[in-house]
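Down below is the structure, laid out as structure tokens.
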Amino acid sequence: MATPTLKSIRTVGVIGAGQMGSGIAHVCALAGYDVSIADLNESVLQKAINSIDNNLGRQVARGRVTEED
């Protein structure tokens with residue numbers, strides 16, 4: 001079996017949407033990966049999604065990333 005290379009990885013899965021998991025998901029999304037994030041607690045998952053969305057919006061507003069990123 002061939003060892004996957006970084007170029008062949010397209011999707012990152014993050015289990016746990018707490019502070020660390022949401023941060024990992026955010027960084028991976030900015031790096032261009034498709035990200036799936038999961039948590040047993042739906043409210044924690046929704047809070048993470050909202051937090052990531054807000055953080056990305058702030059980064060766009062400050063010119064640190066583009067809307068396309």
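Just so it is clear, the structure is predicted and the values come from calculations on it, not from any experiment.
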List, by chain and number, the other hydrophobic cluster members for V44, where Ile, Leu, Val, Met, Phe, Trp and Tyr join if side-chain heavy atoms come within less than 4.5 Å, directly or indirectly. none
Shared-cluster residues of L40, by chain and number - hydrophobic side chains joined below 4.5 Å: none
Which distance, rounded to the nearest 0.5 Å, do you find between the CG of N54 and the CD1 of I49? 12.0 Å
List the residues meeting side chain to side chain donor-acceptor pair (under 3.5 Å) with D53, not counting sequence neighbours, and say none if there are none. none
For E68, all residues meeting side chain to side chain donor-acceptor pair (under 3.5 Å), sequence neighbours excluded: T66
By side chain to side chain donor-acceptor pair (under 3.5 Å) - contacts of R64 (at least two apart): none
Report yes or no: do Y33 and V65 belong to one cluster of Ile/Leu/Val/Met/Phe/Trp/Tyr joined by side chain heavy-atom distances under 4.5 Å? no
What pairs of donor and acceptor atoms, side-chain ones from residues 11-31 against any protein atom, are under 3.5 angstrom apart with sequence neighbours left out?
from: S22; atom 1: OG; to: G18; atom 2: O; distance (Å): 3.0
from: S22; atom 1: OG; to: Q19; atom 2: O; distance (Å): 3.2
from: H26; atom 1: NE2; to: Q59; atom 2: OE1; distance (Å): 2.8

